[in-house]
2 protein chains.
Amino acid sequence: MATPTPTRHRKRGHDPESVLSIAVGVFNERGYDGTSMEDLARALGVTKSAIYYHVPGKEQLLARALDRALDGLFELMADERAASGTAIERLEWVVRQSVRILVDRLPYVTLLLRVRGNSGTEQAALERRREFDRFIGRLVTEAAAEGDIRPDVDPALVTRLLFGAVTSISEWYQPARGASADDLADALLKMAFGGLRV
Amino acid sequence: MATPTPTRHRKRGHDPESVLSIAVGVFNERGYDGTSMEDLARALGVTKSAIYYHVPGKEQLLARALDRALDGLFELMADERAASGTAIERLEWVVRQSVRILVDRLPYVTLLLRVRGNSGTEQAALERRREFDRFIGRLVTEAAAEGDIRPDVDPALVTRLLFGAVTSISEWYQPARGASADDLADALLKMAFGGLRV
DNA sequence: GTCTACTGACCGAATGTTCGGTAAACACTT
DNA sequence: AAGTGTTTACCGAACATTCGGTCAGTAGAC
């Protein structure tokens, strides 16, 4: 009942969406530059040229995937819960939501986190990502100014390390194996905010 | 006085060592697969073919660089200080030393952390890296069993998150800009072991 | 008969690597 | 000091292969 007749008529096969999701999977396995259109064709079960019927090219696939990750992060920034309450409360909420977006859009965020700026597409994505990083940096600095973060550590360092732990999730998390986004966020916040030592 | 006449006679130019260090720099900028031998030649100030006078090929450059990172981590595991004392003390020491190796061999470790297993060389490096990861996992589990880590978080999750923060350092650390390896380790251990909240 | 979703043949450019040649620096003899 | 031979460190051209991408043609659903 969910999608009885999605479009008028279809011969069964691929559409831009399924091509994208499979392509992103291969990009994450072999790296974007290490993936050839031949690799994608093999994963899709069609020939190289069939891909160009659905999408304009390799770099457009990358651009669409990166936007999917970045749009999630920017929606997070625009949420009013990221702007009300004490800085430490907002920071905790933002960390939790970041983990949720990372888990919900795992392959897309994973791809984003590996971008190095080799093309215009990648540089544009990097610039949007840096905007998110600056947003986090401001939150940590505010929380420190409000006296809710221990004063003997540099806020800039804390920002990097805290979100280093968050982004590392994309490198080892396996959704099939139990833990939910909330489990991850709980463990992360307990460690980073409360400390591991008993 | 350091190197008056390193070898008998030399016309000034490159050697395998300088080629490696420059190549690793370019690999980290553009990614290994995104780097062509032409890119390397440009960075070295020679033509493509000159590179093959000093090193056997692109993949050998990668292999040598990855070994340089992995050898550091394996020396750490073999140190007796990683085997004496309580588990939490050993864990703290290993985290601190890992940060030091990461900083000392920054470009090599950075390259290692981005390997995805695209070739035999990469798969071999990944396997050695996993051995180090298992070593860390055992340390955390022991510390939890000895009651020195809060019991309300999964040791496997803690391992990943803690070393996620460590490895993230390679993605943002700039040696020129102040912080030393000890500064990084101090901030990391304060956050992860003591907690950020005052 | 028309549209969808492809295939297969092909293109020019870029890839990692090899090879023949060579100018300069050195060692050795005279 | 001059001449000879060898080694070092490279260049330029070419190699086969792979790359991302194009295009004419077509089988099958409507």
Side-chain angles (χ1 to χ4, degrees), chain A residues 3-24 26-27 29-66 111 115-116 118-122, chain B residues 3-24 26-27 29-66 111 115-116 118-122:
Chain A
T3 48
T5 326
T7 54
R8 234 50 64 103
H9 50 102
R10 172 141 305 159
K11 200 172 42 174
R12 80 175 121 61
H14 294 290
D15 56 28
E17 179 57 36
S18 72
V19 171
L20 178 61
S21 75
I22 291 178
V24 170
V26 183
F27 286 163
E29 268 178 42
R30 309 168 102 84
Y32 174 76
D33 285 313
T35 302
S36 69
M37 293 303 275
E38 196 62 56
D39 291 330
L40 294 186
R42 210 172 303 122
L44 286 160
V46 295
T47 56
K48 240 193 339 169
S49 48
I51 300 173
Y52 290 90
Y53 177 76
H54 299 292
V55 292
K58 195 187 177 189
E59 198 166 350
Q60 285 294 322
L61 277 169
L62 178 64
R64 288 179 195 187
L66 296 179
L111 196 59
V115 156
R116 302 289 150 204
N118 281 3
S119 63
T121 299
E122 296 197 2
Chain B
T3 48
T5 326
T7 53
R8 236 50 64 100
H9 50 101
R10 172 141 305 159
K11 201 172 44 175
R12 84 176 115 65
H14 293 290
D15 56 27
E17 179 56 38
S18 73
V19 171
L20 178 60
S21 74
I22 291 177
V24 170
V26 182
F27 287 163
E29 269 177 42
R30 308 168 105 83
Y32 174 75
D33 285 313
T35 302
S36 69
M37 294 303 276
E38 194 62 57
D39 291 331
L40 294 186
R42 210 173 301 121
L44 287 161
V46 297
T47 56
K48 254 196 315 177
S49 51
I51 299 174
Y52 290 89
Y53 177 76
H54 299 290
V55 293
K58 195 187 177 188
E59 198 166 348
Q60 285 294 323
L61 277 169
L62 178 63
R64 289 178 194 189
L66 296 178
L111 196 59
V115 156
R116 302 290 149 202
N118 280 4
S119 63
T121 300
E122 297 197 1

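Naming convention: chains lettered A, B, ... in sequence-line order (proteins, then strands); numbering from 1 in each chain. Reckoned from all heavy atoms, side chains included, excluding hydrogens, waters and symmetry mates.
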Enquirer: What is the nucleic acid contact for B:A50, judged by heavy atoms within less than 4.0 Å: base, sugar-phosphate only, or nothing?
Expert: sugar-phosphate
Enquirer: Report the nucleotide, chosen from C:dC6, D:dA9, D:dC11, that has the shortest atom-to-atom distance to any side-chain atom of B:Y53.
Expert: D:dA9
Enquirer: Using a 4.0 Å heavy-atom cut-off, write out nucleotides 13-20 of chain D from 5' to 3' as B (base contacted by protein), S (sugar-phosphate only) or - (no contact).
Expert: ------SB
Enquirer: Can you check the A:I51 CD1 to C:dG8 C1' distance for me, whole Å?
Expert: 15 Å
Enquirer: Give a yes/no answer on whether the side chain of B:H14 brings an N or O atom under 4.0 Å of OP1 or OP2 in D:dT8.
Expert: no
Enquirer: Expressed as a whole number of angstroms, how long is the span from A:D15:CG to C:dT4:C1'?
Expert: 13 Å
Enquirer: Taking B:H54's backbone N and O only, do any of them form a donor-acceptor pair with B:H14's side chain (distance below 3.5 Å, no angle check)?
Expert: no
Enquirer: Measuring from A:L40:CG to A:R42:CZ, what's the distance to the nearest 0.5 Å?
Expert: 9.5 Å
Enquirer: Is there a donor-acceptor contact under 3.5 Å from the side chain of A:K58 to the main chain of A:T35?
Expert: yes
Enquirer: List for me each residue that meets salt bridge (Lys or Arg N to Asp or Glu O under 4.0 Å) alongside A:R30, sequence neighbours excluded, and say none if there are none.
Expert: A:D39
Enquirer: Can you check whether B:Y32 reaches B:N118 side chain to side chain, under 4.5 Å on heavy atoms?
Expert: no
Enquirer: Let me confirm one number: the CD1-CZ distance from A:I22 to A:F27, rounded to the nearest 0.5 Å.
Expert: 12.0 Å
Enquirer: Less than 4.0 angstrom between a side-chain N/O of B:H54 and OP1 or OP2 of D:dT8, yes or no?
Expert: no
